[in-house]
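Scroll down for the structure; my scribbles are underneath it.
Naming convention: chains lettered A, B, ... in sequence-line order (proteins, then strands); numbering from 1 in each chain.
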Amino acid sequence: MRIGYYPGCSLEGSSKEYNDSLFAVAEKCGVTLEVIKDWSCCGASAAHNLNHDLALALPARTLALAEKQGLEDIVVPCAACYSRIAGTKNEISNNIAVKAKIEGYIDLKLTADVKILTVFEFLQKYIFPTVDQHIVNKLNQKAACYYGCLYTRPKEIAAVEQIENPMEMDEVMAKAGATPIDWAFKTECCGAGLSVSRTDIVAKLSGKIIEDAADRGAESIVVACPMCHMNLDMRRPEIKKQLKKDINIPVLFITQALGLSMGIPADKLGLNKHYVPTDKVVNCIVKMEA
Amino acid sequence: MARIGVFICHCGENISATVDVAKVAEKAGKLSGVAFSVDYKYMCSDPGQTLIIEAIKEHKLTGIVVAACSPRMHEGTFRKAAEKAGINPYFCEMANIREHVSWVHPKSDATTQKALDIVRTMVAKVKKNAALFPIKVPVTKTALVIGGGIAGIQAALDIANAGHQVIMVEKKPSIGGHMSQLSETFPTLDCSQCIMTPRMVEVAQHPNITLHTYAEVESVSGFVGNFDVKIKMKAKSVDYKKCTGCGACWQKCPSKKIPDEFNEGMGFRTAIYSPFPQAVPNKPVIDRPNCTYFTKGGKCGLCKKVCPADAINYDAVDEFIDVKVGAIITATGFDLKHADFFPEYGYGKFKDVIDGMQFERLASASGPTAGEIRRPSDGKVPEKIVFVACAGSRDKAKGIEYCSKICCMYTAKHAMLYKHKNHEGKAYVFYMDIRAAGKDYDEFVRRAIEEDEVQYIRGRVSRIYEKNGKLIVKGVDTLMNGEPVDIEADMVVLATAVVANIEAESLAQKLHISYNKHKFFAEAHPKLKPVETNTAGIMLAGACQSAKDIPESVSQASASASKAIGLFSSNELTREPIVAVVNRQAPPNFTSCTGCLLCQEVCPYHAIETEDIKDRGGNLIKRAARVNAGLCQGCGTCVAMCRNKSIDLQGFSNDQMLSEVMALLNA
Amino acid sequence: MHESTHHHAETFKSKVEEAIGVTVSHCYQCGKCTAGCPLNEEMDIMPNQLLRILQAEMPGYEEKILSSLSIWLCLACDTCYSRCPQEVLLSKVMDYLRQESLRQNKVNPKAKDILSFHKAFLNSVKMNGKLHEVGLTIDYKLRSLNLMQDVMLAPSMAAKGKLAIFPHQVQNTKEIAKIFKKITDSEGGKQ
Amino acid sequence: MDFEPKIVAFVCNWCTYAGADLAGTSRTKYATNVSIIRFPCTGRIDFMLLMKAFENGADGIIVSGCHPNDCHYTSGNFHARRRWIVFRSLLDFMGFDTDRITFSWVSAAEGTKWAGLVDETTEKIREKGPFTEFKKLDYSILEKIENDVVTE
Ligand SMILES: Cc1cc2nc3c(=O)[nH]c(=O)nc-3n(C[C@H](O)[C@H](O)[C@H](O)COP(=O)(O)OP(=O)(O)OC[C@H]3O[C@@H](n4cnc5c(N)ncnc54)[C@H](O)[C@@H]3O)c2cc1C
Ligand SMILES: Cc1cc2nc3c(=O)[nH]c(=O)nc-3n(C[C@H](O)[C@H](O)[C@H](O)COP(=O)(O)OP(=O)(O)OC[C@H]3O[C@@H](n4cnc5c(N)ncnc54)[C@H](O)[C@@H]3O)c2cc1C
Ligand code: SF4
Ligand code: SF4
Ligand code: SF4
Ligand code: SF4
Ligand code: SF4
Ligand code: SF4
Ligand code: SF4
Ligand code: SF4
């Protein structure tokens, strides 16, 4: 099986560590990812806010390129990209007229039958089969897995089984030796696309999320999306102002957490790139007995 | 050789004003097979009927066509006349030249021609008619009542009090159904047990009622008046003839941690148990999957040791009995939608999010808290309680579009009961509409709002989550511009949807009755036959048909009882012989039926059975269809389905219909 | 068998319904959408009420809806849809209303920054085929005139090696520009 | 003289026949071209009978019974409809003018609808003219195919 990879814009820029940690984990397990050649931006929230056709055409181009390249599974580590691409695939496969129109715009033919995997689906499908032999550390801490909206809704493209109480990331964290906690804000929205233009709102929404995790004793928040990461990690000063208290829980990408349990060095996983220091996580690692 | 008489009616001037009746009579007289033809002023009058009778006798007529009004008006009249004259009444047909001709067309040649066409058509038909005889079936004057909730109890008592035998089958160890679990009942707030218990006892003691608890219907065959029913008596492990109900066994039973169904899981019972103190019969059964004796290979045996009556029998097995009944009343009630259905409300996850029936048990004096409303998690009396109406009902996304009908009322009742017990407490109800359309019902809800100060908030709750021991209820007030309302509650009660009994579908298949897509049993007609089913002799009572409250369940139960009593009022049933028949031929074919059973699939009444045709030596020659005349209603759908015309409908046979078509078109 | 077809006059409501395949009358105004909407506190017109306004079609309703702030705040998180008993795809309605508001030039003044960001974002994609965060920042600042707002925390990000100063580009940026052009053209040049 | 079409109506006893009776008791006037053949239920109507009617010179046919959920026999009309849908596609395929058969629902309360149906159908068939093409069709294959149709 040739596994395709769609990094998305953020993983080339502000969330490079997510990209790096994903590759580090894959490499350790001997899994290769092929980047989709000449991929372009999915349009994220901006396109569907302003133009529906554009919101379909941009992801469709990527899908078509993946097909051309002969890929069957593609891993999309960003929740926004996942949502756009899976949504486009869904709409195109259910409506021939739309499909024809979009094919016209992008000058490419589509079957839309590639399978789109989130990072946690990828981990479960391709990493889990061999991961046990690589796990050397136990992440001895309570982790709050945060899924946000784009993996859990709308139900037609949800990447999780139970949309109100998803467990897929929790399973990955359990593998890494952490204790996933039951909390109330797993799937609440962090403010996503308003991060730049209405930071005040993002601070409010993300603040509630972080507060609930803290109240329930979480020692880390684990995400699988660069936007969630940005809002929960980098927007901490605004959140602090909003909550009128300082909460220092670090926010990790799920690949970083799993990478730590596999003994991959923290800097290789890009843990130094976070706004909220991550030493607390690194410090609670326990070596497993041989 | 057919000798047909044709009688053309003037109906005063109703027909003769536009149709040239004399001409019709004259032309009809010339049709092949017509031996006599006449027109007359009022055919249905006494002289008119006498004219027909005399003509039949005088002209030795083999059949008659009365060209007059609609058969829906006077077919019976003229069939009786034919019978009086000594011919089979089914040799009489009517040609409708009034409603379909004279009243709808002007006086003209075309009108007269159309009248003649119709007469010719009916003459052609009557020539193909055959003598038919009313079908008579004997009636077994015993009713089977399936389900011992309030509906089944009411129906059983009504029938038994009318002097007929009743067999009641209840699958649980006690009768009583949901009503026995209720605390107080709307709209009067009288104690449910107080009005229920006497009726349960009456059933047990009634000389005409045979009660089988812990029993189920295994199979049903036969038809109205003559059903054969096999009943499965599940092994109780207790000999009821010996047991006195002393209770020594369940007091001593060491398996004490079994969630108590009667208290909706909010308490425990033992492995040998009687479900509640007022149970009828108040004798125990052993719940084998939870009994040490059965799970640990003969260990324990304590109940047998302590039983003073030596009633315990570990070797008891399921038994089957066969009974014959004439009518069946289905009263198997409803279920409530359970866990996993409301992930957004945390039902099944948070202990203090409960459903309406659990609330009933909390509010009941005989319940796990002796009637004090305390929350399950820590036993605290809630200071703020939220009721969520329409939880799962009227929710297309969850597959239940219908309104559960009773929950508006019981939610108002619950809020009231709570307020009566906790004056300082705050009760909120999230609702979409208040459906309280019964006698004194809206007044009841208004009382909750106006006198007991229950806060009604119009809006649906989006989500409930738990935080620091409180349940955060995220709702909205759509009457305040959609303002979000978040309530920190101590307890939440969901008015979960009323759904069909989980076994409804399999029971319906055993009984051959229809059900809707939500598995509620279907009535024969929504307005005019609301308690009967499509299968003659099987009636419905209570919430097995649709969500119902007690007054409605009881009314319907009495109505279905009266249908059964009506059925039992004579010794045999007479039915019109308009039924389907499978043709018969001489050996070696016996019938042209190939046994494809396409007819069986389409018959709305499950009237088609299979018949094994055997030779003299008893060897199977072929399997063919056979119509159960007791069940067939004469729709003829099977006839149109049969590819080789092996099944036909008496009175509307292939031959008759084809003759009509040919005669109509070939003047 | 003859089945009659109904003809309605085209209204703004019917336009919305047709464009996105949502039937507004399916909404029975329970408010569950609003109750769960993460943005409800910020909105000027609640999600259920937007639908109500569409349903009722009272004079001036089109204007009222198209100039609301709510349509720009909606994050398309689909919390509403995932719990709506009537399966009304509200986020799609919001999508459409936003686009229509833009086409008709009715954007709420308070949504200016949000719109600027979306435009800057798309502009970056149009030029590079991918998003260039530094470019986006500059463009957004120019559009919104929020020069002082530390939009992307540029200094600390750059220090952590998170910002690429030069854009990554797709090999054939012309191809992307062509897609943008085709779509803009097909809509009569409006964007 | 104008062409006067001959139309046969196959109707059920409980709804449409009664509806036609009601048109009578209400003295609603309509064209004389349609004559009724009464069936217990539309489920009883065998489509070969329709073919026989055309073969014997009918120019048009009406089939009418109870509204979908009102069937006296609960589901006979559904079966009729299901068979009709398959049958019609077959007729269409053979080049048969299926417009000569009008399928309708007329309840016992719809006397006016019945009258309207008769007038409209008569007008429609009058415009179409006599059904001479039918003779040219080899409808006998229908008889063979119908066996498969009913199994659908
Ligand atoms: C929370 C709540 C509160 C309510 N409060 C009120 C109120 O205050 N006032 C009011 O009027 N109504 C109230 N109701 C409604 C009331 O409970 C029903 O109207 C009533 O119970 C219906 O009676 P039933 O006999 O039809 O069904 P059920 O009570 O469900 O009885 C059915 C019986 O059939 C048995 N059975 C099921 N399947 C089989 C089978 N296959 N074979 C044999 N036996 C079988 C069951 O064990 C049961 O004993 C309330 C309902 C609920 C859920
Ligand atoms: C506008 C309207 C629309 C409706 N639509 C529907 C509908 O679509 N579906 C539905 O299910 N229901 C409908 N209903 C309800 C329906 O009409 C009633 O349920 C039904 O008519 C009740 O029947 P009844 O026999 O109890 O009373 P009635 O129909 O009122 O019959 C009572 C009879 O008793 C006679 N009578 C009265 N007093 C005496 C006396 N002292 N001595 C002798 N005779 C007496 C009266 O003359 C009358 O003939 C509707 C009602 C209304 C008002
Ligand atoms: S038989 Fe019918 S048509 Fe003749 S007089 Fe009687 S009512 Fe009139
Ligand atoms: S101890 Fe014996 S007699 Fe007493 S209730 Fe139990 S079984 Fe019946
Ligand atoms: S044998 Fe079973 S029922 Fe009897 S006392 Fe022991 S556990 Fe209880
Ligand atoms: S009865 Fe009331 S609470 Fe129950 S489903 Fe109907 S409207 Fe909702
Ligand atoms: S009667 Fe006809 S349809 Fe029924 S089983 Fe026999 S051949 Fe088949
Ligand atoms: S006539 Fe109707 S009810 Fe009778 S056997 Fe045939 S399909 Fe069944
Ligand atoms: S949740 Fe659905 S039905 Fe309820 S108000 Fe919102 S859109 Fe309407
Ligand atoms: S999709 Fe929009 S309207 Fe719906 S809940 Fe999310 S933000 Fe609110």
Side-chain angles (χ1 to χ4, degrees), chain A residues 90 94 142 144-171 179-191 194 198 200-201 204-218 221 242-245 247 249, chain B residues 337-355 375-378 384 386 388 390-401 430 460-476 482-492 494 496-497:
Chain A
N90 186 50
N94 289 325
K142 286 186 185 167
C145 294
Y146 174 68
Y147 297 74
C149 18
L150 298 167
Y151 285 134
T152 54
R153 295 180 292 266
K155 50 197 164 200
E156 289 77 8
I157 59 162
V160 298
E161 206 170 55
Q162 308 169 49
I163 62 169
E164 295 285 352
N165 187 22
M167 292 303 290
E168 285 79 356
M169 287 170 70
D170 295 60
E171 284 158 19
T179 311
I181 62 162
D182 183 23
W183 59 309
F185 281 72
K186 264 186 175 178
T187 68
E188 291 291 301
C189 178
C190 66
L194 294 178
R198 288 295 303 269
D200 56 325
I201 291 179
K204 211 163 156 180
L205 301 184
S206 298
K208 287 187 197 165
I209 294 168
I210 289 175
E211 194 179 25
D212 189 62
D215 287 353
R216 290 172 204 260
I221 297 175
Q242 176 74 37
L243 294 178
K244 300 194 179 62
K245 61 180 160 185
I247 299 177
I249 305 179
Chain B
K337 197 76 198 170
H338 280 297
D340 275 0
F341 200 59
F342 305 98
E344 70 269 44
Y345 295 166
Y347 183 54
K349 183 171 173 190
F350 308 130
K351 277 192 174 153
D352 297 328
V353 177
I354 62 172
D355 70 17
R375 58 186 209 168
S377 62
D378 56 9
K384 265 191 204 170
V386 169
V388 180
C390 303
S393 309
R394 306 172 68 193
D395 193 330
K396 197 165 68 183
K398 296 206 191 296
I400 301 181
E401 308 96 306
F430 282 98
R460 220 165 165 140
V461 172
S462 171
R463 188 177 171 223
I464 296 169
Y465 62 90
E466 191 255 345
K467 185 140 199 172
N468 304 329
K470 296 273 185 196
L471 293 162
I472 315 295
V473 180
K474 287 180 73 69
V476 60
E483 188 153 314
V485 181
D486 287 6
I487 295 176
E488 284 190 16
D490 299 300
M491 183 162 141
V492 175
L494 305 179
T496 54

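When heavy atoms are compared at a cutoff of 4.5 Å, K467(B) approaches chain A by way of both its backbone and its side chain. With a 4.5 angstrom heavy-atom cutoff, D212(A) touches chain B via backbone and side-chain atoms both.
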Pair K349(B)-E164(A), side-chain contact (heavy atoms from CB on, under 4.5 Å): steps then yes or no: CA-CA 12 Å; K349(B) 183 171 173 190; E164(A) 295 285 352; over 6 Å; no
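Closest approach of F185(A) to R463(B), counting heavy atoms only: N-NH2, 4.4 Å.
Atom NZ of K142(A) sits in a sparse spot, with 12 or fewer heavy atoms from other residues, nucleotides or ligands closer than 6.0 Å.
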